[in-house]
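Working notes for the structure below.
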Amino acid sequence: MLTTIIYRSHIGKNTSEPEVEKFIEKANQRNANAEVTGILLFDGEHFLQLLEGPEDNVETIYRIICDDNRHFSLTELLRDYSVERHFGNAGMELFDLRNYDKSAVLDAVLERATSKFKLTYDDRTLQFLKTFIECDNKDSYLELTESETWQFESYQQPSLAAECPEDEPYTFGFQPIIDPSSRKVLSYEAKMRAPDGQSPLKFFASLQRDEIYQVDLASKRTALCMAKALQLQDSTLVLRLLPMTLVKNPDAVTFLLESINENGFVPQQIVISISEDSVVNEDEAFTAEVMKLKRSGIRLAIDNFGAGMAGLLLLTRVQPEVVMIDGDMLRDVHKNGPKQAINQSIIKICSSLEIQVVASGITQAEEWSWLRLAGVKAFQGNLFADVIPRKLPAIQWPVKS
């Protein structure tokens, strides 16, 4: 199967032009031996390259390129498959845009087309080349600097412990949501765990459907009780709730308000987080319950945003105060072009609606760095703090090195 990969990158400051010519000559031979076509555009600062050929060969060459430290901020823009090549002549061909007229480059690229139907400007592969040549979106490039590295400084939180009743088949850990730049804890999210600290999915799988919603609601009283024991009454608390729990328990809002009051919190401190990827079968009833929550002073968050298919529609229906972007949507965002484009759109939408964006599931400093450049301030993930049942975890604050 033929594979096409397009990526962009930034030349390293210590990479000279003679060195660029040298590694292009080497790449030309390597590509030719692997029957891979390379079209390389270079503007003196950025590279954009198309690789095309047998899938395994293209993947092998791309891994070599990713490991090459003569450039940085490498971002994959496209990975696609086809029955025939767009371009012929296995090897590497360089187009130095400083030496060409823009239209001449496009004409030269088109002359190398080998597909049965001649490439036209609406071909997606050619559009990437055309956009790069015409500098149409260079302003949207969010690039980590070549020398940016981070260390992390551990801050130990109070060594309190919150006990669960012995007969409870679950417990909670409280993972902070932080602003790393200002070193502020913005809120704590109560995350359910099995007593051994593992996922509670096995426990929920043993329940009948209606029991799941009853347990889900009842567990919030336990979470609030544990938050009180950990002295979080001055903090914002995020509680996850299945959307259908609100529908299946008619007194859910009353129960939540009573539990909040019993444990020394006020409704304005509480954010109820509902997951985008959870099924909501009764739209009108669900929306009515959400309005009850909001009228009581409790705020609303959409969790796992981007993981399901109803995110944007849910955004219009329930008008949340917070959107928590799904961790899978953020994984390796610093080197994934499609994820960058989608996340920039989410951030822009939320900014225009005055909705706070939380980047969740962050595990790499590069993910945090890129999202910070994109305008996100609130972060959560194991990079900064783990989930520890019954205790507050240490927080790892970034320090530039």
Side-chain angles (χ1 to χ4, degrees), residues 1-100 102 104-121 123-134 138 141 143 146 332 335-338:
M1 180 181 291
L2 290 172
T3 295
T4 301
I5 291 178
I6 296 178
Y7 73 88
R8 70 165 184 261
S9 65
H10 195 295
I11 189 171
K13 63 183 178 181
N14 295 323
T15 306
S16 65
E17 294 206 17
E19 193 173 0
V20 171
E21 294 173 2
K22 187 176 180 180
F23 73 67
I24 287 172
E25 181 180 344
K26 185 176 180 181
N28 180 37
Q29 187 59 52
R30 183 177 60 216
N31 287 10
N33 293 339
E35 299 184 350
V36 170
T37 301
I39 302 289
L40 179 64
L41 306 180
F42 180 53
D43 63 5
E45 184 178 5
H46 291 94
F47 296 109
L48 184 131
Q49 182 169 191
L50 173 146
L51 295 169
E52 189 172 59
E55 182 175 10
D56 290 344
N57 298 357
V58 168
E59 184 61 43
T60 298
I61 289 174
Y62 184 57
R63 283 199 298 269
I64 294 172
I65 292 170
C66 290
D67 293 336
D68 191 332
N69 59 13
R70 288 172 292 193
H71 59 166
F72 65 96
S73 195
L74 189 146
T75 303
E76 183 180 308
L77 301 174
L78 174 143
R79 183 182 292 256
D80 206 356
Y81 302 92
S82 61
V83 296
E84 59 180 345
R85 290 179 186 265
H86 291 84
F87 302 98
N89 303 326
M92 170 69 71
E93 186 157 9
L94 169 67
F95 294 91
D96 189 329
L97 304 187
R98 297 167 297 178
N99 302 328
Y100 282 88
K102 291 180 180 179
V105 177
L106 284 171
D107 289 341
V109 171
L110 279 171
E111 285 176 6
R112 287 150 182 77
T114 57
S115 60
K116 183 177 179 180
F117 298 99
K118 188 177 179 180
L119 286 178
T120 58
Y121 287 127
D123 180 272
R124 186 175 175 220
T125 302
L126 186 63
Q127 280 291 346
F128 277 104
L129 305 180
K130 180 173 181 286
T131 297
F132 182 83
I133 291 167
E134 296 179 348
K138 295 260 180 84
Y141 289 5
E143 298 182 325
E146 183 177 11
D332 292 328
K335 56 185 179 181
N336 187 297

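For the numbers below, each heavy atom of this structure counts, side chains included, while hydrogens, waters and symmetry mates do not. Values in this document were obtained by computation on a predicted structure and should not be read as measured data. In this chain, numbering begins with 1 at the start of the sequence shown.
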_For a ring pair (Phe, Tyr, Trp, His ring centres under 6.0 Å) check, start with the C-alpha distance between H10 and Y141, then their side-chain angles and the critical distance, and finish with the verdict._
CA-CA 10 Å; H10 195 295; Y141 289 5; 9.4 Å; no
*CG-CD distance between L2 and E35, expressed to the nearest 0.5 angstrom*: 10.0 Å
*asked:* If you compare all heavy atoms of A34 against all heavy atoms of P54, which two are closest, and at what distance to 0.1 Å?
replied: O-CD, 4.0 Å
*Shortest non-hydrogen contact from R85 to T37?*
NH1-OG1, 3.0 Å
*If you round to the nearest 0.5 Å, how far is CG of L106 from CG of L126?*
6.5 Å
*Distance (rounded to the nearest 0.5 Å) between E19 CD and E17 CD*: 11.5 Å
*Are D80 and T125 close enough that some pair of their side-chain heavy atoms sits under 4.5 Å apart?*
no
*For the residue pair F132 and L97, establish whether any side-chain heavy-atom pair is separated by less than 4.5 Å.*
yes
*asked:* Once rounded to the nearest 0.5 Å, what's the spacing between atom CD1 of I5 and atom OH of Y62?
replied: 6.0 Å
*asked:* So, taking the atom named CG in N57 and the one named CZ in R30, what distance separates them when rounded to the nearest 0.5 Å?
replied: 12.0 Å
*Should L94 and E21 be marked as a side chain to side chain contact (heavy atoms under 4.5 Å, CB included) after you check the CA-CA gap, both sets of side-chain angles, and the distance that decides it?*
CA-CA 9 Å; L94 169 67; E21 294 173 2; 5.7 Å; no
*Decide yes or no for L74 and K335: does some side-chain heavy atom of the first lie under 4.5 Å from some side-chain heavy atom of the second?*
no
*Minimum-distance pair of heavy atoms, taken over all atoms of Q49 and G38*: OE1-CA, 4.1 Å
*Does the pair H86 and L50 meet the rule for a side chain to side chain contact (heavy atoms under 4.5 Å, CB included), with working shown?*
CA-CA 10 Å; H86 291 84; L50 173 146; 5.6 Å; no
*Exercise: identify the closest heavy-atom pair between G337 and L77*: CA-CD2, 4.1 Å
*Answer yes or no: is there a donor N or O on one side and an acceptor on the other, between the side chain of H71 and the main chain of I65, under 3.5 Å?*
yes
_For a side-chain hydrogen bond (donor to acceptor under 3.5 Å, both in side chains) check, start with the C-alpha distance between Y7 and E76, then their side-chain angles and the critical distance, and finish with the verdict._
CA-CA 4 Å; Y7 73 88; E76 183 180 308; over 6 Å; no
*Which pair of heavy atoms, one from T3 and one from V58, lies closest together, and at what distance?*
O-CG2, 3.8 Å
*F128 side, atom CZ; I133 side, atom CD1 - distance, nearest 0.5 Å*: 13.5 Å
*Please check if atom CD in E25 has more than 12 non-hydrogen atoms from other residues, nucleotides or ligands closer than 6.0 Å.*
no
_Smallest separation among heavy atoms of A108 and F95, with atom names_ = CB-CE2, 3.7 Å
